[in-house]
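Values in this document were obtained by computation on a predicted structure and should not be read as measured data. By convention here, the first residue in the shown sequence is residue 1.
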Amino acid sequence: MDGIDVAVAEFCLREDAPGGPVVELLPLGAIEVPYAEPLRKDLLAALPPAECSAERLCVLDTLVGQAFADAARKGVAELGCGEVDLIASLGQTIYHWVDGRTCKGTLQLGQPAWIAEATGAPVVADLRVRDVAAGGHGAPLASLLDALWLTPATTGDVAVALNIGGIANITVVGGTHAPLAYDTGPGNALLDAACRLAADSGLQYDEGGRLAANGSPHPDLLSRLLADPYYAAAPPKSTGKEHFHADHLRAALDGLPDIPIPDLLATLVELTAITVADACRSHGATRVVASGGGVRNATLMAALDRHLGAIELATSESFGIAADAKEAYLTALLGFLTWHGLPANLPTATGASGPRVLGSITPGRRPLQLPEPSSTPPRRLRVLQLADQTPMPRSARPLG
């Protein structure tokens, strides 16, 4: 909840490509637009276990929508040459309702009408709910991009795409099974909560993991945290800050002596690294490709590398997608597929009963005119760079 990731890309669906349809993604740039500090604080204050009234939700839905609209306008002006054909918005998750092994609902804020009004472009939004309605978890939606993008060239290789946001999630591609994806547990969520809990620290997060680097993991606290039953639950599964929040951390700290903030953060770094590495090893991973804000935390990445052992650890930059912008490019891909009438969920990852076209479309300034639906979903994703771009017919240029 620090800011809004904005990316612009060109897409082309090549249905006659050898080996089956290919969707090509040409990244055109990305920026991050910070939330205004009062809005960021209000969003954090609305997270569970805090109560949130209908009035507060209405206000936040409007303010986040307006912030998205400003960010989209900025992205179009700076990265999109002043024009885009389509905008996709994943929204700001405020609550993800999971009961046992079932996701019963999910709520993302950020009214898309504000984006459409500000830019004149049609907007694909509310991308998770259709998957939930079909029996899925609505997450992790990154599994589709990962499955198309990271299919190993060598039989026996298993690639794991790891996204470290507030919650960490993985997509497992290769081996003998269909692609699988799920949330492993906290990524940065408890680390950030610990910074905000620290008396007089004034910190919102541990930049670069510098404080954690000076601490030592507390074995009793780590043991308590690892005992949470979520980690042992079988996928498909999803979680969020309605589970891994400040009170979760307070409960684990109850009865323990005061733990200095560097040691507390070092413990939480170990928690994320261990739970992610254990999940990757359980699927026979040979390579892990990491993205998300967590890759900026050098202490976390070092701990993850240590716990992965012989498993190769790389970042998504090595494969053509900036680590900080991957989720925005994912959102753009989801919007592009919806625009062309193609399913954008991965049922083996989310648990949905089948493929679904995701999201709702808010018209832009002109009457809504969708292209003829494509008949065959893509089998691969090819990430292009400006230097190796093949001639691309004019196509939707989603902004995520």
For this session: Carefully, step by step, assess Leu381 and Val22 under the rule side chain to side chain contact (heavy atoms under 4.5 Å, CB included).
Result: CA-CA 6 Å; Leu381 171 73; Val22 173; over 6 Å; no

Problem set entry | Candidate pair Asn169 and Leu162, rule side chain to side chain contact (heavy atoms under 4.5 Å, CB included), full reasoning | CA-CA 6 Å; Asn169 60 68; Leu162 165 66; over 6 Å; no

Exercise. Are Lys326 and Asp324 close enough, and set up right, to give a side chain to side chain contact (heavy atoms under 4.5 Å, CB included), and what steps lead you there?
Worked result: CA-CA 6 Å; Lys326 184 189 167 192; Asp324 287 346; over 6 Å; no

Problem set entry | Gln108/Thr106 under side-chain hydrogen bond (donor to acceptor under 3.5 Å, both in side chains): CA gap, chis, key distance, verdict | CA-CA 7 Å; Gln108 286 73 45; Thr106 187; 2.8 Å; yes

For this session: Determine, stepwise, if the pair Phe68 / Gln92 fulfils side chain to side chain contact (heavy atoms under 4.5 Å, CB included).
Result: CA-CA 10 Å; Phe68 284 178; Gln92 178 65 67; 4.3 Å; yes

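Side-chain heavy atoms closer than 4.5 Å link hydrophobic residues (I, L, V, M, F, W, Y) into clusters, and following such links, even through other members, never connects Val173 to Ile170. No chain of hydrophobic side-chain contacts below 4.5 Å, direct or via other Ile, Leu, Val, Met, Phe, Trp or Tyr residues, connects Leu190 to Tyr205. Hydrophobic clustering (ILVMFWY, side-chain heavy atoms < 4.5 Å, transitive): Leu90 and Ile321 are in one cluster. A continuous path of hydrophobic side-chain contacts links Val59 to Leu57 [ILVMFWY only; heavy atoms under 4.5 Å]. Leu346 and Val124 sit in two unconnected hydrophobic clusters of ILVMFWY residues. Membership requires side-chain heavy atoms under 4.5 Å apart, directly or through other members.
The main-chain N or O of Leu180 is never found under 3.5 Å from a side-chain atom of Thr348 such that the two would form a donor-acceptor pair. The closest donor-acceptor contact from the side chain of Ser282 to the backbone of Ala279 lies under 3.5 Å. With Asp206 contributing its side chain and Ala212 its backbone, the two residues share a donor-acceptor pair below 3.5 Å. Under a 3.5 Å cut-off, the side chain of Asp263 and the backbone N or O of Pro217 do not form any donor-acceptor pair. Counting only distance, with no hydrogens or angles, the side chain of Lys237 and the backbone of Ala233 share a donor-acceptor pair below 3.5 Å. A donor-acceptor pair under 3.5 Å is formed between the side chain of Thr119 and the backbone N or O of Ala121. For the pair Thr102 (side chain) and Lys104 (backbone), a donor-acceptor distance under 3.5 Å is absent. Proximity of a side-chain donor or acceptor of Ser291 to a complementary backbone N or O of Ala323 within less than 3.5 Å is not detected. Arg224 places a side-chain N or O within donor-acceptor distance of the main-chain N or O of Ala252, the cut-off being under 3.5 Å. A donor-acceptor pair under 3.5 Å links the side-chain atoms of Thr338 to the main chain of Leu358, judged by distance alone.
For the pair Thr299/Arg210, no side-chain contact is recorded, criterion being any heavy-atom separation below 4.5 Å from C-beta on. Annotation: side chain of Leu26 is not in contact with side chain of Val383 (no heavy-atom distance under 4.5 Å). Side-chain contact check for Pro377 versus Pro343: some heavy-atom pair is nearer than 4.5 Å. For the pair Leu197 and Leu264, the minimum side-chain heavy-atom distance is 4.5 Å or more. In this structure, the side chains of Arg40 and Asp2 come closer than 4.5 Å at one or more pairs of heavy atoms. Residues Leu330 and Leu334 have side chains in contact (heavy-atom distance under 4.5 Å, counting atoms from C-beta outward). Considering only heavy atoms from C-beta on, Glu372 stays 4.5 Å or farther from Leu370 through its side chain.
If you take CG on Leu28 and OH on Tyr329, they are separated by 6.5 Å, rounding to the nearest 0.5 Å. Distance check, rounded to the nearest 0.5 Å: CG of Leu249 to CG of Asp254 gives 11.5 Å. To the nearest 0.5 Å, atom CD1 of residue Ile115 and atom CD of residue Gln66 are 11.0 Å apart. If you take OH on Tyr231 and CG on Leu225, they are separated by 6.5 Å, rounding to the nearest 0.5 Å. Distance CG/Leu271 to CG/Leu300: 10.5 Å, rounded to 0.5 Å. Rounding to the nearest 0.5 Å gives a distance of 9.0 Å between CG of Leu268 and CG of Leu222.
Residue Phe336 is tested with Asp85, Leu13, Thr331 for a side-chain contact (heavy atoms from CB on, under 4.5 Å); the sole match is Leu13. The only member of Val172, Leu304, Val160, Leu313 that meets side-chain contact (heavy atoms from CB on, under 4.5 Å) when paired with Cys280 is Val160.
Contact detail for Val123 and Ala116: the closest heavy-atom pair is CG2-N, 3.7 Å. Taking all atoms of both residues into account, the shortest heavy-atom contact from Glu15 to Ser374 is OE2-CB, 3.7 Å. The shortest non-hydrogen separation linking Glu242 to Pro48 is CB-CG, 3.6 Å.
Other residues, nucleotides and ligands place more than 12 heavy atoms under 6.0 Å from the OH atom of Tyr35. The number of heavy atoms from other shown groups lying within 6.0 Å of CD (Glu37) is above 12.
A side chain to side chain donor-acceptor pair (under 3.5 Å) check over residues 181-194, counting only residues at least two apart or in different chains, returns the pairs Tyr182-His283. Sequence neighbours left out, the pairs with a member in residues 304-322 that pass salt bridge (Lys or Arg N to Asp or Glu O under 4.0 Å) are Glu270-Arg306.
There is a side-chain donor-acceptor pair under 3.5 Å between Arg356 and Ser353. Looking at His96 and Thr239, their side chains never bring a donor and an acceptor atom within 3.5 Å of each other.
A search for salt bridge (charged side-chain N to carboxylate O under 4.0 Å, His left out) contacts involving Arg101 returns nothing, not counting sequence neighbours. Arg250 meets the salt bridge (charged side-chain N to carboxylate O under 4.0 Å, His left out) test with Asp247; sequence neighbours excluded. Residues that satisfy the salt bridge (charged side-chain N to carboxylate O under 4.0 Å, His left out) test with Glu32, not counting sequence neighbours, are Arg296. Among residues two or more places apart in sequence or in another chain, the ring-ring contact (aromatic ring centres under 6.0 Å, His included) test is passed with His243 by His248.
A salt bridge links Asp42 with Arg56: the distance from a Lys NZ or Arg NE/NH1/NH2 to an Asp or Glu carboxylate oxygen falls below 4.0 Å.
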